[in-house]
Colleague: 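Supplied in structure tokens, the structure appears directly below.
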Amino acid sequence: MSESKELVTVTVDGTAVQVPKGTNLIEVARKAGVEIPHYCYHPNLSIAGNCRMCQVQVEGMPKLTIACNTGATDGMVVRTQKVSEDVAEAQRATLEFLLINHPLDCTVCDQAGHCKLQDYYYEYNGRASRFVENKVNKIKAEPVGPEVIYDGERCIVCTRCVRFCEEVTETSEFGVFNRGDKSVIGIHPGAELDNPFSGVVVDLCPVGALTHRRWRFNTRIWYTQEVNTVCTGCSTGCNAKVAVRDGKIVQVKARLNEDVNKEWMCDEGRYGFDRFQPKHRVVGPIVSGMDSDWTSAVNSSKALLGGEEPAAVLLSPFLTLEEVWVAMMFARDVMGLDAASGNIAMQLRRRDLSKLEQILVSPDYAPNARAAQLFGLCGNEESWREAVERHYESVLKQISSGSAKRILLVGEGAVAEADCDAALVKGLRSASVSLALCASHPESDPVAAACSVVLPGRTVHEKNGVMLNRDARLQRLRMLLQGPIGTQPEWMLLANLASGLGKKILPAEVTDDRGLFRAMTGSLESLSGATLVRIGDSGIELEEAAGGKDGSSDPAAV
Amino acid sequence: MKHLKILTANVHHDDQIELDAYERRGGYQAIRKVLKMDPAEVTAEVKASGLRGRGGAGFPTGVKWGFVPKNTGKPIYLLNNADESEPGTFKDRLLMERDPHLVIEGMMIAAWALGANWCCAYIRGEYSFPALMQQRAVDQAYEKGYLGKNIFGSGFDLDIVVHRGAGAYICGEETGLIESLEGNKGQPRIKPPFPAVVGLYGCPTVVNNTETLAALPWIMLNGASSYNSIGTEKSTGTKLFSASGHIKKPGVYEVNMGYPILDFINNECGGMRGDKALKAVITGGSSVPVLRADELEGVTLDYESCMEAGTFVGSGGFIVMDETTDMVEACLNLQHFYSHESCGQCTPCREGAHWVEKIVGRIYHGGGSSSDLSLIGDVTKQIAGHTICPFGDALVVPVQSFYKKFPEEFNERIDSALVSQIGNTHV
């Protein structure tokens, strides 16, 4: 929102801050540590100025002014609700106005608990309403698309959803209909809110007017645990906040991150968040198709140890960066392979995207595919996606042709579903050893079924770690669900297997994911500056993670 | 008092709507003169005349033109605001119906001064006949070559489009008008930016009231000094007042600024209908505060005197009410208008306009309570000045002024309501 690089000084409630000239006062105040309440303003949408919640007093202006549409000028003195009774009164009144025709059905509203009307009313009004007339009745529970449903009475007509569909997706399904207190949001005749980002309007809605059809009435938000993680649908790595209750993902919200996804997220990612959880799980080692134990599994994997037989390793793009690192060490120390050997690859299949999807979605299903480049699996080409796919195809061919005799598949999704054909199964079966670390049970997964040894791994939502997105940004992946008893994250399986085979690939003190992260950043120069605290909720560029940069390699900070 | 006829000199001629008759009576002479002048000179002349916007706000016209940035590489647009919807106002209608060429000539002068080559007359949706007459006049002007390319051989091109609104009061607000003209829902824009900089289709735009534009030919022919010698120091020239209500001769009257209100009622309006006593007057359309009969002594029809008396000249919608008027009902009538016309864009007006109407309605229908008047005071205070456009300020004016100036009528309703309620509980 800054129009120029010129810095100006603005005083907000007595605190002077320097901001680029023209920055809107909501952002200026944020910088000064003051929150100005707002509904219609969104940093990535045009200014509508209709909610009137963000009014502030600017010295020299005769009336209160809306902060969202006022640009910073040098020497500006701003007073917010914290110090100005006029502003506080105007905001109190705005809230009273917003609620006079609101149904106050919080008890059955999905938004209750994370509703800006509730939050602001408690914070900035907190008085009883003086409205004793009849409320206006408007349209209720109107499906506006396959995923979204609208309640006109709860709506405060902030038009965030209208502007999103006009300005970001440019599909313009929404409009404001009628006038005055009969104003409602609606879908234009013949249209339907079915664009690939339709769920975003629910995130944008500050109240309970737009809700997810599939998640409606499924839980109160305060019974859930909300986890800040990233979407693993593709390599964009959209920041998400996932609500989990009783071992189930019950709601997914996009999280604001200017450098990655603004506050947008595609429907495929959002509504498909739990598609990575197979129904039928491996919960213990399986050897030759029979439930077995760890000792037999280790014994049956001995053929993996370095030898003359050709080997092939396929990594899942759903592994965390740490796990890829451990897998690379396993391949080197146990199997005698290195990145340059051409026998290690990461699964990646490119896909076609519609023009609209391209504003956010990446043409792959591989959230951590960029890690392949970091570990030297695809050269340093500009078009890394093609390179990763080419290497994957090459290693796949080594397996299906029967030339690879020592085969290791690490992680759920090490082979793309479409690539599992008869030749591949034959190749896996004809190998001296084929070891799969995965979550799907062989009964429902033909790849695992063809492997001689299967070890019980975790899905991408059952582990903590870091991911590297398409723009080489390190972001934290957080555990949403507990893995079933008997399963272990892939890095632990690999480390235990290596020690069973007489090799030590991880130091003994690495017992959890934090220790693992510390061990990885300690051994890789390119990550030596990264700490989990620095990566935080919004991630850092890989360049910033290199050693020496504002040197927070203090282990205590991890 | 003899009033100068600047705008209404020829409206009584039935053939004035024809281009030839208009020209025979001295029409299209001012534009011929103006086209030989420098546009800056024209602006300076209008500035010197002291002409103020006749739509209601009374902003100096020449100054408004001066806000338009030059050489932006974008076209400049002139919009003739004929969306005359203020309750009690019907003055522009007379000009369009009876002297449409005067309006066209005014638009031509303003367009020349601004460097605009495209001009639109945005006419209120309900004004089908005025729009018809205006369109007819525009067609005549095109036919005669007075509009289009190379007007009067000056090299100046001007196109005028007559556009009819769809019946929303708010489209008379200049940015609402622009939105509507662009084909969007008629809702005002947030300012800044102002239309003079970012207006129609993002280009510099000036929106002038029809009456303002119609005054331009006379000013350019007779000079700024002749114009500003009429009226008072800050209110120059003449103004149209559309008088309605409990008077003998309702109609549109052109009077010199500074004319006493009581004289206007007694002379032009012919006095009170049925010779009843005067109770109240709204001087400039429903959006200005009402004046009680006892407040009218010495008040004259000009910007300064009206302001001193606590009201405004506004659009000149002059509404007279006699002693039989029920002020609570009158107030409810106006509040109903405002709540019906609230565009619903911003919170205080969308919710507040209806709330106020409901409270006044409750009082009128006998459900009022003693705290209602202070509630109205609180609510209206929080609407005024807190909205995107001046509609919020306008809607609180009737109710605020009515209950402050006629508290006894409101209190009487509330008290009788209380009595009846108490009575009910005891039965």
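We use all heavy atoms of the structure for the numbers below, so side chains are in, but hydrogens, waters and symmetry mates are not. So that the names make sense, note that chain A is the first sequence line, chain B the second, and so on, each numbered from 1. Here the structure is a predicted model, which is why all the values come from computation and not from measurement.
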Colleague: Do you know which of A:Thr159, A:Thr65, A:Val157 has the most heavy-atom pairs under 4.5 Å to chain B?
Modeller: A:Val157
Colleague: Tell me, out of A:Met53, A:Gln55, A:Glu96, A:Glu133, who's got the most heavy-atom pairs with chain B below 4.5 Å.
Modeller: A:Glu133
Colleague: Please report the closest heavy-atom contact between A:Ala93 and B:Gln382, naming both atoms and the distance.
Modeller: CB-CG, 3.2 Å
Colleague: Once rounded to the nearest 0.5 Å, what's the spacing between atom NZ of A:Lys135 and atom NE2 of B:His354?
Modeller: 15.0 Å
Colleague: Quick check: closest heavy atoms across B:Cys343 and A:Ser183, and the distance to 0.1 Å?
Modeller: O-OG, 3.9 Å
Colleague: Among B:Lys358, B:Lys381, B:His340, single out the residue with the greatest number of heavy-atom pairs under 4.5 Å to chain A.
Modeller: B:Lys358
Colleague: So for atom CD, which belongs to B:Glu308, do other residues, nucleotides or ligands contribute more than 12 heavy atoms lying within a distance under 6.0 Å?
Modeller: no
Colleague: Any chance you could measure B:Ile190, atom CD1, to A:Ile66, atom CD1, to the nearest 0.5 Å?
Modeller: 5.0 Å
Colleague: Answer with side chain, backbone, both or neither: which region of B:Ile170 has an atom nearer than 4.5 Å to a non-hydrogen atom of chain A?
Modeller: neither
Colleague: In a check of side-chain contact (heavy atoms from CB on, under 4.5 Å) between B:Glu351 and each of A:Leu99, A:Asp181, A:Ile156, A:Val136, which one passes?
Modeller: A:Asp181
Colleague: Taking A:Asn69 for the side chain and B:Pro192 for the main chain, is one N or O donor matched with an acceptor at less than 3.5 Å?
Modeller: yes
Colleague: CZ of A:Arg130 to CH2 of B:Trp355: how many Å apart, nearest 0.5 Å?
Modeller: 5.0 Å
Colleague: With a 4.5 Å cut-off on heavy-atom pairs, point out which of A:Lys63, A:Lys182, A:Arg92 contacts chain B the most.
Modeller: A:Lys63
Colleague: For B:Glu412, look at atom CD and say whether over 12 heavy atoms of other residues, nucleotides or ligands are found less than 6.0 Å away.
Modeller: no
Colleague: Any idea which heavy atoms bring A:Arg179 and B:Gly167 closest together, and the distance?
Modeller: NH1-O, 4.0 Å
Colleague: At a 4.5 Å cut-off on heavy atoms, which part of A:Ile100 comes close to chain B: side chain, backbone, both, or neither?
Modeller: side chain
Colleague: Counting distance only, does the side-chain N/O of A:Arg52 pair as donor-acceptor with the main-chain N or O of B:Cys346 below 3.5 Å?
Modeller: no
Colleague: Taking all heavy atoms of B:Thr347 and all of A:Thr94, pick out the closest pair and write down the distance.
Modeller: CG2-O, 3.9 Å
Colleague: Do the side chain of B:Arg350 and the main chain of A:Phe97 share a donor and acceptor less than 3.5 angstrom apart?
Modeller: no
Colleague: Would you mind checking which part of B:Ser371 comes under 4.5 Å of any heavy atom in chain A, side chain (CB onward), backbone (N, CA, C, O), both or neither?
Modeller: neither
Colleague: Rounded to the nearest 0.5 Å, how far does CD1 of A:Ile47 lie from CZ of B:Arg189?
Modeller: 15.5 Å
Colleague: Check whether A:Glu89 gets within reach of chain B through its side chain, its backbone, both or neither, counting any heavy atom under 4.5 Å.
Modeller: both
